[in-house]
Amino acid sequence: MIMFRTLLFAAVTAAALAPLPAAAQMQDRRRDDGPPAMAGRPTMLRAGPEQAYPQLRRIEQGQQVQLFGCLPDRSWCDVRLGQDRGWVSGPDLEAEYRGRRDSVANLYGEFQLGDRNFRIGDYWDDHYRQQPFYTDRSRWAQQYGENYRPSWGPRQNETYWGSHTAAGFMIRQAYVRAGPDVRYPRVGLARARSRVIIHGCLRDWSWCDISTRRGNRAGSRGWVVSQHIASLYRGRQQPLDSYASRIGIGVLGFNFNRYWDDNYRTQPFYGQRDGWERQYRQTYRPTWNADGDGQDRDDRYRDGRDRDEQYRDTPRRDGQPRPDGI
């Protein structure tokens, strides 16, 4: 009896330690997000399923990648190489299954991975916040909309980043204004260490559109110099003027008519709207256009005015306002 139990235990142990059958191995790989694949020829890892998207790194022939899935037409596949995640042209990928090496497109049904979609906002937020091209994501989102293909799956709203809000807090006390310039009327005061909602920033990250909070309710809505605001990045609060593009803050423009009509109809200065609109047109800056290329800069904003705005939009130590010039 003892000998029988010993032999039974040995048999069970051997079975548990035996290699998994091929089907079981594939099922285990699926839990690890997909099987390995390899480049059948030199190719490029990109930030989207199209040749126009930014290049991440070169993949040499025979180099192995982890396969997460492909678009329904198998034209592009979502893979990882080392720490880099991105898209590779489907015809450039091969894999092995049960001793047979073939293109990923021909073997795809065996992997049971399902089809992948490409939504630029979700994908880039998950993988590319540290990449230099992430700061230009609004332009890439526009290109995504212009070149959209049905094989990419459900179409994402082109204003994805512009419609996102983020939590922030004030590094120092500053005035909230009715536009991104110290000339605009004050609509509130955001106190140091108070929490704010960040709706987005101009494309040069100089000013941000925020809402202050009064308890659990929103307070004043307006613009604050970005150097006065911080938000969470990698577990630390970082100033928006340096980190907004990495945090994922949306890029906004400033359209005077729409912004004032949406937010300031009940404000006393709204009665002088025509005069403020003339000033808007006279002092208009290219950075107020969210769709610009980010290369031009208004000469009227040079000669130290950045520093001047930071200084003038911060109350004095005694709490008294600095002169506005209005």
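Here the structure is a predicted model, which is why all the values come from computation and not from measurement. Position 1 is the first residue of the sequence; numbering continues from there.
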Query raised in the report: Taking the six-membered ring of F169, is the NZ or CZ of R195 close enough (under 6.0 Å from the centre) and on axis enough (within 45°)?
Result: no

Query - Heavy-atom check, side chain of S226 versus side chain of W207, under 4.5 Å - result: no

Requested in this report: First locate atom SG of C77, then atom CG of L67, and finally report the distance between them rounded to the nearest 0.5 Å.
Outcome: 5.5 Å

Report summary line: Interatomic distance, OH@Y144 vs CH2@W152, rounded to 0.5 Å, equals 7.0 Å

Query raised in the report: Which distance, rounded to the nearest 0.5 Å, do you find between the CH2 of W87 and the SG of C70?
Result: 8.0 Å

Requested in this report: Take V79 and L45 through the test side chain to side chain contact (heavy atoms under 4.5 Å, CB included) and record every step on the way to the result.
Outcome: CA-CA 8 Å; V79 305; L45 185 69; 3.6 Å; yes

Query raised in the report: Taking atom CG of D78 and atom CG of L113, what is their separation to the nearest 0.5 Å?
Result: 10.5 Å

Requested in this report: Give the minimum heavy-atom separation between Q51 and R46, together with the two atoms involved.
Outcome: O-NH1, 2.8 Å

Query raised in the report: When the aromatic ring centroids of F133 and W124 are compared, is their separation below 6.0 Å?
Result: yes

**Report entry** Stepwise side chain to side chain contact (heavy atoms under 4.5 Å, CB included) check, L81 with L56
**Finding:** CA-CA 10 Å; L81 175 58; L56 297 169; over 6 Å; no

Query - Check ion pair E50-R149 (N to O, under 4.0 angstrom) - result: yes

Query raised in the report: Between R273 and E277, does at least one N-O distance fall below 4.0 Å, as a salt bridge requires?
Result: yes

Query - Salt bridge flag under 4.0 Å for residues D126 and R85 - result: no

**Report entry** Derivation of the side chain to side chain contact (heavy atoms under 4.5 Å, CB included) call for R100 and L107
**Finding:** CA-CA 9 Å; R100 177 169 66 103; L107 293 175; 3.1 Å; yes

Query raised in the report: Is there a side-chain contact between P154 and R119 (heavy atoms, below 4.5 Å)?
Result: yes

Query raised in the report: Hey, is the main chain of Y184 close enough, under 3.5 Å, to the side chain of R177 for a donor-acceptor pair?
Result: yes

**Report entry** Beyond-backbone contact of Y280 with W260, side-chain heavy atoms, under 4.5 angstrom
**Finding:** no

Query raised in the report: For D92, does its backbone N or O pair with a side-chain atom of T43 as donor and acceptor, under 3.5 Å?
Result: no

Query - Working for side chain to side chain contact (heavy atoms under 4.5 Å, CB included), residues R80 and D84 - result: CA-CA 6 Å; R80 174 183 285 134; D84 295 317; over 6 Å; no

Query raised in the report: What are the two closest heavy atoms between S75 and P91, and how far apart are they?
Result: O-CD, 3.7 Å

Query raised in the report: Is there a side-chain contact between F254 and D209, using heavy atoms and a 4.5 Å cut-off?
Result: no

Query - Any donor-acceptor N or O pair under 3.5 Å, side chains Y270, D261 - result: yes

Requested in this report: State whether the number of non-hydrogen atoms from other residues, nucleotides or ligands found under 6.0 Å of Q83 atom CD is greater than 12.
Outcome: no

Requested in this report: Tell me, with the steps shown, if W276 and Y264 meet ring-ring contact (aromatic ring centres under 6.0 Å, His included).
Outcome: CA-CA 12 Å; W276 287 107; Y264 302 134; over 10 Å; no

Query - Minimum side-chain heavy-atom gap R58-P42 below 4.5 Å - result: yes

Requested in this report: Indicate yes or no for a side-chain donor-acceptor contact from R193 to the backbone of Q173 under 3.5 Å, with no hydrogens or angles considered.
Outcome: no

Query raised in the report: Quick one: do W76 and M38 end up in the same hydrophobic cluster if we chain Ile, Leu, Val, Met, Phe, Trp and Tyr together by side-chain heavy atoms under 4.5 Å apart?
Result: no

Report task. Answer yes or no: is there a side-chain heavy-atom contact under 4.5 Å between H199 and R221? Result -> yes

Query raised in the report: Hey, is the main chain of W140 close enough, under 3.5 Å, to the side chain of Q143 for a donor-acceptor pair?
Result: no

Report summary line: The single option from L240, I171, D241 that satisfies side chain to side chain contact (heavy atoms under 4.5 Å, CB included) with I229 is L240

Requested in this report: Would you confirm whether R203, through its side chain, and P286, through its main-chain N or O, come within 3.5 Å as a donor-acceptor pair?
Outcome: yes

Report task. Dump the intermediate steps for salt bridge (Lys or Arg N to Asp or Glu O under 4.0 Å) on R74 and D115, then the final yes or no. Result -> CA-CA 9 Å; R74 314 294 178 244; D115 295 333; 2.7 Å; yes

Report task. Search all heavy atoms of R258 against all heavy atoms of N255 and return the closest pair with its distance. Result -> N-OD1, 3.0 Å

**Report entry** Heavy-atom check, side chain of Y175 versus side chain of V224, under 4.5 Å
**Finding:** no

Query raised in the report: What heavy-atom pair brings L71 and P49 nearest, and what distance separates the two atoms?
Result: CD1-CB, 3.9 Å

Report task. Please check if M44 and F68 belong to a single hydrophobic cluster, counting links between Ile, Leu, Val, Met, Phe, Trp and Tyr side chain heavy atoms closer than 4.5 Å. Result -> no

Report task. Give, for atom SG of C208 and atom CG of L252, the distance between the pair rounded to the nearest 0.5 Å. Result -> 8.5 Å

Query raised in the report: Is it true that V251 and Y284 fall in one hydrophobic cluster, defined by side-chain heavy atoms closer than 4.5 Å?
Result: yes

Query raised in the report: Where the side chain of N263 meets the backbone of Y259, is there a donor-acceptor pair that is under 3.5 Å apart?
Result: yes

Query raised in the report: Any donor and acceptor pair, going by atom type alone, linking the side chain of R172 with main-chain N or O of Q227 inside 3.5 Å?
Result: yes

Requested in this report: Please confirm whether the backbone N or O of R191 pairs with a side-chain atom of S194, one donor and one acceptor, at under 3.5 Å?
Outcome: yes

Requested in this report: Determine whether M170 and V196 make a side-chain contact, defined as any pair of heavy atoms from C-beta on separated by less than 4.5 Å.
Outcome: yes

Report task. Enter the distance from S231:OG to Q238:CD here, rounded to the nearest 0.5 Å. Result -> 10.0 Å

Query raised in the report: Does the gap between the ring centers of F118 and Y53 come in under 6.0 Å?
Result: yes

Query raised in the report: Are the side chain of Y97 and the backbone N or O of Y108 linked by a donor-acceptor pair below 3.5 Å?
Result: no

